[in-house]
*Asks:* 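My questions all concern the structure below.
Below, read A as the first sequence line, B as the second, and so on, with proteins coming before strands; counting in each chain starts at 1.
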Number of protein chains: 2
Amino acid sequence: MGWTERVVAHLADEGHRLTGPRRAILDYILRYSVPFTSEELIADLQKAGVHVGRATVYRTLELLHNYQWLSLVHRPEGEHGYVVAEPGHQHHLVCRRCGMVTAFQGCEIESLLGGLAERLNFRIEGHWLEAFGVCRGCQRANNERV
Amino acid sequence: MGWTERVVAHLADEGHRLTGPRRAILDYILRYSVPFTSEELIADLQKAGVHVGRATVYRTLELLHNYQWLSLVHRPEGEHGYVVAEPGHQHHLVCRRCGMVTAFQGCEIESLLGGLAERLNFRIEGHWLEAFGVCRGCQRANNERV
DNA sequence: AGTGTAGTGATACAAAATATCAAAAAGATT
DNA sequence: AATCTTTTTGATATTTTGTATCACTACACT
Ligand SMILES: [Zn+2]
Ligand SMILES: [Zn+2]
Ligand SMILES: [Zn+2]
Ligand SMILES: [Zn+2]
């Protein structure tokens, strides 16, 4: 069962309708290998001849983001982009060259922040972590060029 | 030597001119106790009767951000806001109630990410970490109310 | 098939950010 | 201190991004 099917099932569970536009957006999203913005998706859908209203794109992405089927990451240029995700605590490695994103779980940061929080009397409820670097493919490409 | 003086000295070093508008913005920035956006600063300067063009505010904030004299953090409502910072590796605790930001250094995350990077063949060059929670003051205020 | 309601999208609108470019002002030079 | 060179500024126009409205559509359920 792939991402789309899980999303569809979950949305149904939550009482949302499976509409044509939502289906089209879900399908299109999977074609991205790098984070995308709402505006980019709108433009790409249009180019591809898929007719979906601007407001619907914004609404659908927000819906998916609320359920954590999409995550936001910082792209190399600075703005936020969406990437497909699975619900739950997750972090990302973002390639500065090609923009590719790799998700990873297993986070030991809570314990790391624990001592700090105690010292500062700050009650920590969550965190956002994202790492930047160069992915395997881009390292190789670079070596070949040199 | 305070933040402003360090910034002024650094900008001079880098060959930038110390203009009236820049001075005004630097002075005003220090009055914020929570992260602020470009638009907020523009509005506040106007209210305060300080006349600085909109474009200049955007340009100056970007300049300071490039030199890391300002950091961007996610505010409780979701958007990005600027906070004064010192160049170098730094992270922030952001209070979800009042928006107050506490910076901290001493970061052991590199080592934590090291093993992961090796497994994934990803060369990590940096990271962004930000923690959310409730600051000391807001915890106390809440207790009193309950 | 009929019904109630979530969802859609054209349009208008608002907000945020950038581009342009003549005029102003820093700082160097004399 | 007057001049010159170059950065910087800011009014304005424009683009980009995101939201509000609301009549209409079509999904889900009986
Ligand atoms: Zn890459
Ligand atoms: Zn984590
Ligand atoms: Zn607080
Ligand atoms: Zn760190």
Side-chain angles (χ1 to χ4, degrees), chain A residues 4-5 7-29 35-67 69-70 72-75 77-82, chain B residues 4-5 7-29 35-67 69-70 72-75 77-82:
Chain A
T4 308
E5 285 72 36
V7 174
V8 167
H10 180 226
L11 290 184
D13 271 2
E14 295 285 334
H16 297 284
R17 295 182 181 170
L18 178 56
T19 65
R22 284 183 181 161
R23 225 357 332 141
I25 291 172
L26 286 176
D27 287 344
Y28 203 91
I29 278 177
F36 61 93
T37 64
S38 307
E39 290 296 327
E40 284 166 358
L41 179 53
I42 290 167
D44 291 343
L45 285 172
Q46 189 144 44
K47 262 184 241 158
V50 183
H51 181 87
V52 180
R54 153 186 223 71
T56 297
V57 172
Y58 273 95
R59 285 189 287 237
T60 302
L61 294 181
E62 194 189 348
L63 179 71
L64 295 175
H65 181 232
N66 284 341
Y67 286 125
W69 289 111
L70 289 178
L72 281 174
V73 300
H74 300 270
R75 303 201 302 184
E77 315 89 65
E79 351 78 298
H80 281 168
Y82 288 109
Chain B
T4 308
E5 286 73 34
V7 175
V8 167
H10 181 223
L11 290 184
D13 270 3
E14 296 285 333
H16 297 283
R17 294 183 181 172
L18 178 55
T19 65
R22 283 184 180 159
R23 224 281 54 131
I25 290 171
L26 286 176
D27 287 344
Y28 202 92
I29 278 177
F36 60 93
T37 64
S38 308
E39 289 297 326
E40 283 166 0
L41 178 54
I42 289 167
D44 291 343
L45 285 172
Q46 189 145 42
K47 263 183 241 159
V50 184
H51 181 89
V52 180
R54 145 184 232 75
T56 299
V57 173
Y58 273 94
R59 285 189 287 237
T60 303
L61 295 181
E62 194 188 348
L63 179 70
L64 295 174
H65 181 232
N66 284 341
Y67 285 124
W69 289 111
L70 289 178
L72 280 173
V73 300
H74 300 272
R75 303 201 301 183
E77 315 89 66
E79 350 76 299
H80 280 169
Y82 287 109

*Asks:* Rounded to the nearest 0.5 Å, what separates atom OG1 in B:Thr19 from atom CG in B:Leu11?
*Replies:* 9.5 Å
*Asks:* In this structure, how many angstroms lie between the C1' atom of C:dA6 and the CG atom of A:Leu63, rounded?
*Replies:* 12 Å
*Asks:* Go through the steps for B:Val57 and B:Arg54 under the test side chain to side chain contact (heavy atoms under 4.5 Å, CB included), then give the verdict.
*Replies:* CA-CA 5 Å; B:Val57 173; B:Arg54 145 184 232 75; 6.0 Å; no
*Asks:* Whole-Å distance between D:dT17 P and A:Leu72 CG?
*Replies:* 15 Å
*Asks:* Taking atom P of D:dC27 as reference, at what distance in whole Å does atom CG of A:Leu11 sit?
*Replies:* 15 Å
*Asks:* So does B:Arg22 get a side-chain nitrogen or oxygen closer than 4.0 Å to the phosphate oxygens (OP1/OP2) of D:dT9?
*Replies:* yes
*Asks:* Using a 6.0 Å cut-off, check whether atom CD of B:Glu79 has over 12 heavy atoms from anything other than its own residue.
*Replies:* yes
*Asks:* Are any of A:Arg54's side-chain N or O atoms less than 4.0 Å away from OP1 or OP2 of C:dG9?
*Replies:* no
*Asks:* Below the 4.0 Å mark, does C:dG7 have OP1 or OP2 next to a side-chain nitrogen or oxygen of A:His16?
*Replies:* yes
*Asks:* Starting from P on D:dT16, measure out to CD on A:Glu79 and report it in whole angstrom.
*Replies:* 14 Å
*Asks:* Should the side chain of B:Arg17 and the base of D:dT6 be counted as holding a donor-acceptor pair, with the cut-off at 3.5 Å?
*Replies:* yes
*Asks:* Please check if the number of heavy atoms outside B:Glu40 that lie under 6.0 Å from its CD is greater than 12.
*Replies:* yes
*Asks:* Tell me: CD of B:Glu39 to P of D:dG18, nearest whole Å?
*Replies:* 14 Å
*Asks:* Under the criterion side chain to side chain contact (heavy atoms under 4.5 Å, CB included), I'd like the reasoning laid out for B:Tyr82 against B:Leu72: C-alpha separation, chi angles, the key distance, then a yes or no.
*Replies:* CA-CA 5 Å; B:Tyr82 287 109; B:Leu72 280 173; 3.6 Å; yes
*Asks:* Determine: side-chain N/O of B:Thr19 to OP1/OP2 of C:dA25, distance under 4.0 Å, yes or no.
*Replies:* no
*Asks:* Taking CD1 from A:Ile42 and C1' from C:dA10, how many angstroms apart are they, rounded to a whole number?
*Replies:* 14 Å
*Asks:* Closest to the A:His51 side chain: C:dA10, D:dT19, C:dA19?
*Replies:* C:dA10
*Asks:* Which residue, B:Glu62 or B:Leu18, contacts DNA chain C at a nucleotide closer to its 5' end, judged by nearest heavy atom?
*Replies:* B:Glu62
*Asks:* Of all the choices, D:dG10, D:dG18, C:dG9, which nucleotide is nearest to the side chain of B:Pro21 once you look at every atom?
*Replies:* D:dG10
*Asks:* A:Gln46 has an atom CD; how far is it from atom C1' of C:dA10, in whole Å?
*Replies:* 13 Å
*Asks:* Taking only N and O in the side chain of A:His80, is any of them less than 4.0 Å away from OP1 or OP2 of D:dG18?
*Replies:* no
*Asks:* Mind calculating the distance between OH (B:Tyr58) and C1' (D:dT9) to the nearest angstrom?
*Replies:* 17 Å
*Asks:* With hydrogens left out and only the distance checked, is there a donor-acceptor pair under 3.5 Å joining A:Arg59's side chain and the base of D:dG18?
*Replies:* no
